[in-house]
Amino acid sequence: MKKLLVTGGAGFIGSNYVNHVLREREDYFIVNLDKLTYAGNLENLRESEKNERYRFVKGDVCNAELVDYLFQTYEFDYVVHFAAESHVDRSILGAQVFFQSNVIGTNVLLEAARRRGVERFLQVGTDEVYGSLGETGVFTEETPITPNSPYSTSKAAADMAALAYHRTYDLPVVVTRCSNNYGPLQFPEKLIPLMIINALNDKELPVYGDGMNVRDWIYVIDHNEAVDLVLEKGRVGEVYNVGASTEKPNIEIVKLILEKLGKPESLIKYVKDRPGHDRRYAIDSSKLQSELGWKPKHSFEEAMERTVKWYVENKTWWERIVSGDYRNYYEEQYGSR
Ligand code: NAD
Ligand code: TDX
């Protein structure tokens, strides 16, 4: 039995990861450490909460005492570090918590792992650390790190810290850098769930700028399978890009959602652009594919169909969110746009 510390396992990608690996693998015991910020939701883990190979701990990754206690108690083999403040727009409204959780929090975990010893520490990174592309080209693992938002800058610092712990202390670190995820359980501040929910409520769909910014989309389970593979088989000290080569301009995604829901394009509203808005992301994941044999299993068409259907069928999940604090965030972010 491998003992895993998963951080941020009550968020979108982390909860999909916990549910998926507990379903698919019998050799993992998971401790999920999550602070339950606005983005953490224990409802996401309903299918796992009674599993004997699962424990939940509410706590902050910045709490060195708690983190050290967990390492001492459970003697983890693996760490999969998802916990982070993850939304670019929120980082523009206020960056401090991003540096606190994403940089200091990562350092606290690296320190505990160094002192207690682990077999693998997987830092979950993002392609946003590579900055923005023009009309051509792709991000490889050798692309210079030039993040543009407070969010991506904090994630770049966390990646660098993890790699430094490998070089300096020989900590067995691996880093993944993934493109934009979508799927069930994504907090509705992000593009795809926000547009689905607004369309279902016949509300305006706020498209930033000219709608021609391009993102490279991947279904969350494909990302999670890559994480699991890199955790077990990745070479220590290495970075692996993760992506499904599915580049789409934002407006195309928005129109597809409206079409799937039978809603009119008149709901689209072009609004003031995001400051420092990265124009295009495109990720080359050939290293992961050729070295470790990973391939995305879900086509964009099938997985988008599944995702839209999930939000249609899980109205109570998102209604609880959009009727709470989210309303204040929405007003601050979109009210005067
Ligand atoms: P999310 O915002 O949905 O979830 C983040 C989780 O981390 C929440 O459960 C939250 O409570 C927890 N958390 C935040 N700060 C914490 C702290 N200080 N201590 C303990 N827990 C804390 O984010 P997500 O979209 O699931 O992203 C997960 C990870 O994947 C992040 O590291 C993110 O940078 C990375 N990533 C995300 C994407 C994407 O498209 N969403 C793409 C590439 C990489
Ligand atoms: O209301 C909106 N209107 C809009 O046009 C929102 C929320 C977004 N957008 C645009 C901005 C981006 O070009 O859609 C695109 C996607 O936006 P987000 O969902 O906010 O994602 P992004 O900024 O690309 O960052 C995401 O991908 C990388 C995740 O939030 C990060 O956690 C991840 O690291």
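This one's a predicted model, so the numbers in the text were calculated from it and none came from an experiment. Atoms within a ligand are numbered from 1 in the order they appear, just like the ligands themselves. Position 1 is the first residue of the sequence, and the numbers go up from there.
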TODO: Identify the residue among Arg120, Arg177, Lys287, Lys233 that makes a salt bridge (Lys or Arg N to Asp or Glu O under 4.0 Å) with Glu238.
DONE: Lys287
- [ ] Could you tell me whether some N/O pair between His81 and ligand 1 is separated by less than 3.5 angstrom?
- [x] no
Task: From CD1 (Ile218) to NE2 (His223), nearest 0.5 Å - done: 7.0 Å
Task: Subset of ligand 2 atoms that lie under 4.0 Å from at least one heavy atom of His277 - done: 11 (C), 12 (C), 13 (O)
Task: Audit row: Trp217, Asn181, side-chain hydrogen bond (donor to acceptor under 3.5 Å, both in side chains) steps and yes/no - done: CA-CA 6 Å; Trp217 295 95; Asn181 285 222; over 6 Å; no
Open item on the list: Within the 3.5 Å criterion, strictly below it, is a donor on Ser336 or Lys272 matched to an acceptor on the partner's side chain?
Closed with: no
Open item on the list: So, regarding Phe187 and ligand 1 (criterion: nitrogen or oxygen to nitrogen or oxygen, under 3.5 Å), is there a contact or not?
Closed with: no
- [ ] Measure up the Tyr281 and Phe139 rings against each other and bin them: parallel (under 30°), tilted (30 to 60°), perpendicular (over 60°).
- [x] tilted
- [ ] Check each of Val61, Val124, Thr126, Asn102 against atom 19 (N) of ligand 1 and report the one with the nearest heavy atom.
- [x] Val61
Open item on the list: Would Arg235 and Tyr240 count as a cation-pi pair here, with the cationic atom under 6.0 angstrom from the ring centre and within 45° of the axis?
Closed with: no
Open item on the list: Show the atoms of ligand 2 that are less than 4.0 angstrom away from any heavy atom in Tyr334.
Closed with: 1 (O), 2 (C), 6 (C), 7 (C)
Open item on the list: Under 4.0 Å, heavy-atom basis, I'd like to know which part of Ser15 is in contact with ligand 1: side chain, backbone, both or neither.
Closed with: neither
Open item on the list: Applying a heavy-atom cut-off of 4.0 Å, say which part of Phe98 lies close to ligand 1: side chain, backbone, both or neither.
Closed with: neither
